[in-house]
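This structure is a prediction, so every number in the text was calculated from the model and none was measured. We use all heavy atoms of the structure for the numbers below, so side chains are in, but hydrogens, waters and symmetry mates are not. Proteins get letters first, then strands, A, B, ... in listed order; numbering begins at 1 in each.
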Amino acid sequence: MENQKATLKDYGYRDFTTLNKIYKILKKVFVVAIVLGLYISIIVIAIQSINESRNLSIFTRVSFQWYANILQEEELMQAIRNTFLVSAIATVLATFLGTFFAIGLYALSKKVRVLWMLLNNVPILNADIVTGFSLMLMFRLLMVVFPNIFGLFTLVMAHLFFTIPYVILSVMPKLKETDPNLMDAAMDLGVRPYKALIKVVIPAIKAGIFSGMLLALTMSIDDFAISYFTTGAGFDNLSIWIYAVIGRRNLTPSVYAFSTLLTIFTLVGLLTYQFLQKQKKGKKNEKNNFSDIAS
Amino acid sequence: MKRIILATLLLSLTIVLSACNSRPKLRLLNWGEYINDEVVEKFEAETGIDLIISVADSNELFYQKINSKTTAFDLVIPSDYMIEKMVKENMLIELDYSKLPNRGTVTYMDGVNQIFDSMTQTTLARSQKAVDYTDYAVPYFWGTFGIIYNNRVEGLEEALNEHGWDVYFEADTYFPTARRGMYDVPQFAYAAAMMYMGNNPNDYSATLLQEVETVIENADFVEWGDDTLKRNVESDNLDMAFVYTGDYLDRLYIQLDEGKTLAEVQADFDLYVPDTTMVFIDCMVIPNTATNIDGAHQFINFLLNPVNAALNAEVVGYAVAYQEAFDQIISYLDSADVTKHNWATANSIYYNMEAESTFYPLTTLHPDDIDAINTMVQNVITG
Amino acid sequence: MNKEFKVLAVPYKVWLSILVFIPILAMLFISFSNLSSSVSVGELTLSLAHFKLLWESSTIIAFRNSLIFAVATTLISFVLGYFIAYEIKLSKFKNKFILLTFVILPMWSNLILRTESLANIMSENNILKNILGFNLFGNISGTWMAVLFGLVFTYMPFMILSVYTALEKIDFALEEAALDLGLRPIKKFWKVVFPLSFKGVVTGAIMVFLPTLAGFAIPKILSRGRIVFIGNIIEQKFIYTNYNHGALLAVVILFFILGSILLITKFDKEGETLL
């Protein structure tokens with residue numbers, strides 16, 4: 001080490017490049033280590049899903065019986081269906097509503113807007129269990145008029161409550177980046193305001209809408225505490241089901257199988273998408289970022 | 001984008017509509033995976049009622065679900081102390097035994113009757129009211145609590161059989177290096193310590209609480225868990241834990257299914273049931289928010305059939321509550337079917353209730369006392 | 001933007017007012033009163049009786065644990081997350097969206113499943129040891145290291161996303177100008193890139209800090225029930241229907257949240273770039 005330091009001083013430039021090389025290798029090691037850290041639990045779940053034994057600490061033999069078994073686990077299947085149903089509806093509605101709410105908020109004067117944007121942060125930042133309990137109390141007030149309200153409806157409402165803010169927060173910065181003359185130009189050409197909104201503004205903020213949608217889905221699909229308090233009538237999602245089962249009984253390894261399938265399908269989907277995009281490229285050669293993937 | 005939205009809305013609409021068929025529904029609030037799917041199918045086929053199951057993982061959550069009235073559940077399966085609380089707060093309706101003809105065909109196990117008696121006694125002592133809990137509840141499963149232990153630890157089995165609770169709680173004297181675990185339900189920890197001290201686990205006073213605190217501190221628990229306790233003992237990551245007997249049988253059945261023999265499993269980990277221990281009973285009760293009371297009775301009556309009760313017990317590691325169903329399971333001791341034989345053996349060893357033992361069901365303490373116990377346990381954990 | 005679109009925000013204003021304001025007021029009331037299921041309307045009184053909970057040693061330690069772990073998690077996620085976000089920004093891989101989705105993908109699996117599998121492989125005898133023959137994590141199950149690891153790698157994707165969003169906005173011309181001025185890469189980073197991305201760091205820090213502070217599942221599972229966070233106590237209070245105590249603790253946490261919202265507005269006058 002001492003030697004190296006001396007040479008570094010003498011022949012600065014050459015040693016700088018070797019240092020650079022070491023730095024680059026170290027960087028790669030670091031990236032791999034961090035990604036491994038992010039994925040280690042996913043990898044372990046995958047291992048558990050192909051383990052023939054239900055024992056979580058001993059690997060006996062590779063087997064795909066738990067995958068074949070998913071369809072037979074009725075309670076699990078029901079929970080999975082419910083999860084997808086709620087997340088799909090909530091994500092689409094949140095994206096749609098959130099976008100227009102964001103445009104509405106953007107049209108407000110700056111002072112008023114700041115106030116509402118502060119309130120908009122509360123659902124994101126509040127503790128889940130508190131949000132869930134508060135929402136249950138509020139929805140209960142509606143029961144006077146609609147006695148059978150608890151279930152899919154309240155669950156979707158609750159998910160909208162904490163997903164819309166994410167969409168608004170992703171869309172708002174993009175709205176600020178759009179050229180204010182864009183709308184005026186369109187309207188000068190005789191386009192009605194709402195038509196201009198859809199034809200001109202929405203395409204310009206597509207990237208924000210898309211990342212908002214991604215975040216909304218991520219938050220919605222794995223929510224437990226808020227869903228727990230706001231569901232009803234037997235409409236349990238996967239998180240609620242998993243929580244209930246681990247308390248007193250054993251989770252069927254089919255849950256691991258489902259989780260692994262979800263990850264694999266998404267990964268394969270992403271790679272296919274990337275492949276198709278590459279095929280389509282060729283003509284288009286501009287900078288590829290958020291705005292491209294949404295197009 | 002528009003098309004995606006439209007497709008999703010249409011899809012959800014069809015699913016919602018398809019769920020709205022005309023068959024009568026019965027809403028059951030149950031523990032997770034606490035019913036055999038075959039039982040559900042059989043019940044639905046016999047009665048034409050759709051069984052809709054919600055799940056939760058604690059009696060307290062059951063209480064909250066019923067109390068919040070967000071869903072009109074027709075049937076709930078809470079445990080003993082929660083039934084007391086629900087009866088006290090007028091949350092349950094009395095059963096109509098004329099709609100339960102099968103009740104005459106089954107005898108409750110002795111232990112089950114003892115629990116009902118004990119619940120009545122407690123209520124009488126506390127509020128001078130004579131309540132017969134069978135008026136409200138029909139047993140679903142029941143079971144004891146025991147200490148699951150790691151048999152790979154030399155001498156632990158012998159020590160437990162000789163000194164019982166002392167081995168579990170006196171970490172200074174017995175096996176100082178053993179890793180002890182406790183359920184993360186404060187009242188369980190309190191009750192276990194009380195039984196070790198030779199008290200009734202349902203007594204409470206501020207001085208007792210202090211003594212219990214010292215006892216729990218001395219036990220030096222390395223884990224406060226739930227289902228993780230049994231799995232950690234099974235995989236040699238923990239040496240002793242106070243758990244439901246059903247917890248042990250769960251893991252036992254799984255190992256037997258995978259081809260191990262009973263002796264092999266017991267050599268790895270086994271269960272010790274102290275002479276004085278806690279018991280619990282889960283009962284079917286009808287909350288007064290129920291809308292399909294007839295259907296609820298039909299379901300109870302269906303499970304009062306010993307054949308159906310035994311079928312239900314096939315996948316659940318707890319003890320059947322009816323003598324006839326228990327006898328049917330024990331009769332498989334002579335069966336050539338390995339699974340059935342193992343099932344019968346396990347039941348005859350771990351649910352043999354003829355031994356001279358004292359069983360205590362938990363009762364609901366005053367909310368302030370529960371709060372004090374919760375805080376005491378939190379204080380011990382945070383040290 | 002056309003003022004005509006103001007009406008679009010009206011439904012959301014109503015929605016937020018009802019679902020955010022009223023519950024907060026209710027919480028405040030519950031934490032200052034003796035309201036409970038056994039108290040009738042006539043007997044309602046306001047009192048500070050519940051506040052003695054705040055001096056209970058377990059409450060104080062739980063708050064301390066939550067704070068220490070939240071700060072540590074945020075700092076570590078910042079260092080590691082910034083690094084990854086920067087690498088994504090520099091990467092030659094064109095479609096950045098795929099990389100970001102790859103980062104966030106683990107969050108689509110159930111939190112409990114992920115945390116339990118982490119707890120499994122951190123204990124002495126586990127499935128990875130059974131396969132590999134050695135212990136990847138040593139035997140850290142139940143320790144603070146296990147909890148910290150779990151928290152960092154669960155919430156870091158938030159940091160990566162927000163930092164990347166900030167980095168993406170930085171004009172490459174600026175960087176080139178800096179290099180032209182003769183700045184060394186490291187200096188360039190500190191003088192130009194980092195200050196410009198600081199807003200993203202603040203956002204990311206808050207998005208990591210808050211769920212850690214109020215969370216309960218990860219510490220409970222990974223510490224084997226031995227490290228108590230304030231979220232665990234709130235959960236217990238709510239489950240045992242002690243809403244007065246639960247609401248009180250929730251209000252205290254809300255103060256932290258308001259504090260951090262103020263922090264956002266300090267760095268971003270419009271409070272609009274949480275993401």
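You'll find the ring centres of C:F238 and A:Y228 outside the 6.0 Å limit.
Nearest approach of C:F149 to A:I40, heavy atoms of both residues: CE2-CG2, 4.3 Å. In this structure, A:L38 and C:M156 approach most closely via the heavy-atom pair CD2-CE, 4.0 Å. In this structure, A:S41 and C:R114 approach most closely via the heavy-atom pair CB-O, 3.5 Å. Annotation for A:S259 and C:S109: closest pair OG-OG, 3.3 Å, computed over non-hydrogen atoms. For the pair C:N120 and A:Q48, the tightest heavy-atom approach, listed with the atom from each and the gap, is ND2-NE2, 3.4 Å. Nearest heavy-atom pair across C:Y12 and A:I168 is CE2-CD1, 3.3 Å.
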Chi angles and distances behind the side-chain hydrogen bond (donor to acceptor under 3.5 Å, both in side chains) call for C:N110, A:S239 | CA-CA 7 Å; C:N110 184 276; A:S239 304; 3.3 Å; yes

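A:I42 touches chain C through its side chain: at least one heavy atom from C-beta onward sits under 4.5 Å away, while N, CA, C and O do not. Only the side chain of A:V35 comes within less than 4.5 Å of a heavy atom of chain C; its backbone N, CA, C and O stay farther away. Looking at A:M157, the atoms closer than 4.5 Å to chain C (heavy atoms on both sides) sit in the backbone and in the side chain alike. A:F258 does not touch chain C: none of its heavy atoms, backbone or side chain, sits under 4.5 Å away. Both the backbone and the side chain of A:F59 come within contact range of chain C, each with at least one heavy atom under 4.5 Å from a heavy atom of that chain. When heavy atoms are compared at a cutoff of 4.5 Å, A:L160 approaches chain C by way of both its backbone and its side chain. Proximity to chain A involves both the backbone and the side chain of C:K13, based on heavy atoms less than 4.5 angstrom apart. Proximity to chain A involves both the backbone and the side chain of C:L80, based on heavy atoms less than 4.5 angstrom apart. For chain A, the nearby part of C:L136 is the side chain; its heavy atoms alone come within less than 4.5 Å. Interface remark: C:E235 contributes backbone and side-chain atoms alike to the contact with chain A (heavy atom separation under 4.5 Å). Within the 4.5 angstrom heavy-atom criterion, atoms from both the backbone and the side chain of C:L111 approach chain A. For A:L270, the parts sitting under 4.5 Å from any heavy atom of chain C are the backbone and the side chain alike. Looking at C:I131, only its side chain comes within 4.5 Å of chain A, counting heavy atoms on both sides.
Below 30°, between 30° and 60°, or above 60°: for C:F102 and A:Y39 the angle between ring planes is below 30°, a parallel geometry.
A distance of 6.5 Å separates CG in A:L271 from CD1 in C:I98, rounded to the nearest 0.5 Å. Atom-to-atom distance recorded for A:F162:CZ and C:L19:CG is 13.0 Å, nearest 0.5 angstrom. With rounding to the nearest 0.5 angstrom, the CG atom of C:L128 is 5.0 Å from the CD1 atom of A:I47. With rounding to the nearest 0.5 angstrom, the CG atom of A:L215 is 5.0 Å from the CD1 atom of C:I104.
In terms of non-hydrogen atom pairs under 4.5 Å with chain A, the most contact-rich of C:L118, C:L105, C:V10 is C:L105. Interface check for chain A: of the options C:I253, C:N125, C:I121, the most heavy-atom pairs under 4.5 Å are formed by C:I121. For the set C:L213, C:I22, C:I112, the entry with the most heavy-atom pairs within less than 4.5 Å of chain A is C:I112. Contacts with chain A were tallied for C:P23, C:S117, C:P157; C:S117 has the most, counting heavy-atom pairs under 4.5 Å. Contact tally against chain A (heavy-atom pairs below 4.5 Å) for C:T154, C:L113, C:V20: the top residue is C:L113.
Side chains of A:T218 and C:W108: a donor on one and an acceptor on the other come within 3.5 Å.
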